[in-house]
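Taking it in order: structure first as structure tokens, then the write-up.
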Amino acid sequence: MELIITEKDNAARRISEILSDGSFGTDRRNGVNVYRWGGKRCVGLSGHVVGVDFPPEYDDWRDVEPVELVDAPMVKRATKENIVRTLQDLAREADAAVIATDYDREGELIGKEAYELVEEVADVPIRRVRFSSITEREVTEAFADPDELDFDLAAAGEARQMIDLMWGAALTRFLSLSSGQLGNDFISVGRVQSPTLKLIVDREREIEAFDPEDYWELFADLTSEDADGAFEAQYFFREEGRENERVWDEAAANAAHEQLLAASEATVTEVDRRTRTDQPPTPFNTTQFISAASSLGHSAQKAMSVAEELYTAGYITYPRTDNTVYPEDTDPVALLETFADTGTFGEDAASLLEADDVEPTRGEKETTDHPPIHPTGELPPRQDLSADEWELYELVVRRFLATCAEPATWEHLRVVAAANGCLLKANGKRLLDPGYHAVYPYLSTSENFVPDVTEGESLAVSDVRLEAKQTQPPRRRGQSRLIETMEDLGIGTKSTRHNTLQKLYDRNYIEGDPPRPTKLAMAVVEAAEQFADRIVDEGMTAQLERDMDRIASGEVTLDEVTEESREMLSVIFEELHESREAVGDHLRDGLKADKTLGPCPECGETLLVRRSRRGSYFVGCDGYPDCEYTLPLPSNGEPTPIDETCEEHDLRHVKMLAGRSTYVHGCPQCEAEKAEDEEDVVIGACPDCGDDHEGALAIKRTRAGGRLVGCTRYPECDYSLPLPRRGDIEVTDTYCEEHDLPELHVVQDDEDDPWELGCPICNFEEYQARQRKTDVEDLDGIGKKTAEKLADAGIDSLVKLADADPEAVASEVQGVSADRVRDWQAQAREAIDEGGDDTDPDDGEETVVEDDEGRDTLGDVEAEVDEATAG
DNA sequence: GCAAGGTC
């Protein structure tokens, strides 16, 4: 038997399809797909299935001096045990193996990992095939003429692994230990994340150091007698052969203003008309795709996860690629023809086929890894995709269409006129032929009207304006711009750049979008610059790339390169050791600055955002235990102080980060005082204790800024119902018959119609029902199609799934085994239980606490009632 | 529990 090994399951299936002419069968072994036909087996890995790490005796951060990691041995360990087992089981049965991992450096290393796993259990010949796109021609040709594994290229990848681990782990542990940050909040540095962070920090430094300068610009409207409408022209002057629009001197600006005001007409001195061609865009690689998706408002993470789904579903090609040139195999005409038959893209595709010759554009980067991202020609039924998925699918299709389209042509018209000794100019722009814009509507095609004037013509001058302006600091880079810059600098890879940004968010190094560095990030970069400059310098990657090339070409060995790197790192540690305390203090200062709100009203020390042992956040005094002053904070999300400061209390406002429901809480002291000042509004009897103890339900404001309907006998009775955080609550005259409570309306500032919340009890019951109803589709191992099949069989909620008879489901739903149903049921029960646990006040973990409409869950409400009545 | 790189 011959065993074929690919980098991922998807590739394994497609290669099997090609080599078996579609006749392959599929087996599951240890949860891994194995494709089978004739004397062949084909299995897909999941990227790296083994990883490099230190031996277990180095695991305890406190027991091991970080510097020891510099010379510590490294071992390879299976990280995906089921895949490794399957691979080795198959290898034992095989008499030959073929490695068909991706055609790039990391693919060669993954191939070598597979090679070693096979070699461990079987003495069989192992060959290597290389192809850059999974098409019939490339795959059959590659398999007809297999090659050998390139061990030097793989060694280059191994050097990267070792150097990254050694530097990253040793320095991360040193910084974390020196500042006492050992839990989840350790302080990390690395070859890719740290230069990326420095990029953000450096821009912030420029912004902070920026000193704005005043300047003036002048405009006037000009009107031609022969043409309709006035057009705007801007004042300029020539100096040393250059045109300048900005006037830096106020007196000069005023003088020009006077001159223009005195001008009754302007004489056209220059008319320059030219046509410009506007080339269609080049094919999408990962970075270009992310950047186009970002202009549609999708984050890098979101764009990539949607692209992965579209890829797994078979609608677009592999989304992680550096390539911007379609390989020879791609047949754009055939692909256009596929789309020409469809409703949505039919007309556009057909219009492109009318051209004599379809010649797609080519980008600058041509690589062997994968083709540029393009549609496969497999067409998704629109209703199968979510709105986001469809939007990004359409983007990929339209980008492909655009790369096959003609250039656009523009007419540019420049007019210069003289008015009372001043020069005015206007630049007009008109789209003559939309070209590719007709199929790719994502780029601006706005025109700027300047009429057809003639040289020597006299124009009327009106509405002369002098505008005072200031130079602006450089702009922060958004996520997609950062990813582009990372690519330009050569840091990270197509598969990791967006994850690196996410990592910076997760480590509390950056916040917001465009990302801004925290004070902690500033301190980390400063410490690194001072003692380990190499780790924040993109030059480390550049050097590593050169070294890897030398290893790959056989010029140097892996050992020589890692040894040199090791020596550099030990030198760094010599200096670091002497400054351990200074580094620790500096990092701690940064951490504290991120949590600081302002002066404590009780003792004048500093108020900080702190975390209780139970995990909830509150505002506490840095003078604790001498000062016990505290203020509550909302429990939904992570509190972050922002720049805005309360004028009354001199405290920074707090923003609650909670994904989509992020909001600004404001000054915590103001919020607490508001609750104390506001009277409770009684709306009816308490359903728990109204009869026995005359408890009443009231609308209350909590000191943490939330609102709820709760019993006036709290804490004797803790009955409560949640209310939305935002908007004014109105008590109406309509009563709920079932609960004898008034219906409530919520009036929101930005909306005309109030939200008719209804009776608070009914509303809460509906809300709970909705919370419990997680989609069946959200469980692991259930895709859209399976979820549909289940729904057809009447199973459309977690509760129904949990209660179903697995055997019955298996017999009713094709392709689903009873075991798989049992697995889903276990997950479903867990999900259902979790929903119920939300109300457990002792649950220190963060729970889902606000729904789409901005309501707190009962769990938080109870916590807040605690605070409200305790204070 | 550290990195960065694959993949889901």
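By convention in this document, chain letters (A, B, ...) are assigned in the order of the sequence lines, proteins followed by strands, and residues within each chain are numbered from 1. Side-chain atoms are counted along with the backbone in the values below, which use heavy atoms only and exclude waters and symmetry mates.
Using a 4.0 Å cut-off, no side-chain N or O of A/Arg320 falls inside it from OP1 or OP2 of B/dG6. Dashed line: the shortest gap from a side-chain N or O of A/Ser188 to OP1 or OP2 of B/dC2 is not under 4.0 Å. Phosphate proximity of B/dG6 to A/Thr101: absent, as no side-chain N or O sits under 4.0 Å from OP1 or OP2. Phosphate contact (OP1/OP2 of B/dG6, side-chain N/O of A/Arg105, threshold under 4.0 Å): absent. Distances shown here put a side-chain N or O of A/Gln193 below 4.0 Å from the OP1 or OP2 atom of B/dA3. The side chain of A/Ser495 contributes an N or O atom lying less than 4.0 Å from OP1 or OP2 of B/dG6. At the phosphate of B/dC2, OP1 or OP2 sits under 4.0 Å from a side-chain N or O atom of A/Arg507. A sub-4.0 Å separation between OP1 or OP2 of B/dC8 and a side-chain N or O of A/Ser305 is absent.
Residue A/Asp63 contributes atom CG, which lies 15 Å from atom C1' of B/dC2 at whole-angstrom precision. B/dG6 atom C1' lies 13 Å from atom CG of A/Asp164, rounded to whole Å. For the pair A/Trp61 CH2 and B/dA3 C1', the interatomic distance rounds to 11 Å; values are reported in whole Å. One interatomic measurement links the two molecules: CZ of A/Arg173 to P of B/dA3, which rounds to 11 Å at whole-angstrom precision. A/Lys503 has its NZ atom 10 Å from the C1' atom of B/dG5, to the nearest Å. The distance between atom CG of A/Asp104 and atom C1' of B/dG5, rounded to the nearest whole Å, is 10 Å. Between the CZ atom of A/Arg534 and the P atom of B/dA3 there is a distance of 19 Å, given to the nearest Å. For the pair A/Leu501 CG and B/dG5 P, the interatomic distance rounds to 13 Å; values are reported in whole Å.
A donor and an acceptor atom, one from each side chain of A/Asn30 and A/Thr86, are located under 3.5 Å apart. No hydrogens or angles considered: a donor-acceptor pair under 3.5 Å links the side chains of A/Glu487 and A/Thr287. Under 3.5 Å, the side chains of A/Thr101 and A/Arg128 contain a donor-acceptor pair of N or O atoms. No hydrogens or angles considered: a donor-acceptor pair under 3.5 Å links the side chains of A/Arg191 and A/Thr541. Side chains of A/Thr321 and A/Asn323: no donor on one and acceptor on the other come within 3.5 Å.
A/Val52 comes within 4.0 angstrom of a nucleotide base, judged by non-hydrogen atoms across all strands. Note on A/Ser46: a base of the nucleic acid sits closer than 4.0 angstrom, heavy atoms only. A/Asn10 comes within contact range of no nucleotide atom at all, as no heavy-atom separation falls under 4.0 Å. A/Trp167 comes within 4.0 angstrom of no nucleic acid atom, judged by non-hydrogen atoms across all strands. Across all strands, A/Asp60 comes closer than 4.0 Å to base atoms (heavy-atom distances). Heavy atoms of A/Asp59 sit under 4.0 angstrom from at least one base atom. Residue A/Gly492 is classed as a sugar-phosphate contact, given heavy-atom separations below 4.0 Å to backbone atoms only. Among the protein residues, A/Gln161 comes within range of the nucleic acid bases, having at least one heavy atom under 4.0 Å from a base atom.
Nearest nucleotide to the side chain of A/Lys494, out of B/dG6, B/dA4, B/dC8: B/dG6. The listed nucleotides are B/dA4, B/dC2, B/dC8; the one nearest the side chain of A/Lys8 is B/dC8. Distance from the side chain of A/Ala169 is smallest to B/dC2 among B/dC8, B/dG5, B/dC2. For A/Arg160, the listed nucleotide lying nearest its side chain is B/dG5; candidates were B/dC2, B/dC8, B/dG5. Listed candidates were B/dG5, B/dA3, B/dC8. Nearest to the side chain of A/Glu106 is B/dG5.
In terms of position on DNA chain B, the residue among A/Ala170 and A/Val50 whose nearest nucleotide sits closer to the 5' end is A/Ala170. DNA chain B is contacted by both A/Asp53 and A/Thr500; A/Asp53 maps to the nucleotide lying nearer its 5′ end (nearest heavy atom per residue).
In terms of polar N and O atoms assigned as donor or acceptor, the side chain of A/Asp9 never comes within less than 3.5 Å of the base of B/dC8 in a complementary pairing.
Looking only at distances, no side-chain donor or acceptor of A/Glu538 sits under 3.5 Å from a matching main-chain atom of A/Pro195.
The aromatic rings of A/Tyr318 and A/Tyr311 sit perpendicular to each other, their planes meeting at more than 60°, with 30° as the lower class boundary.
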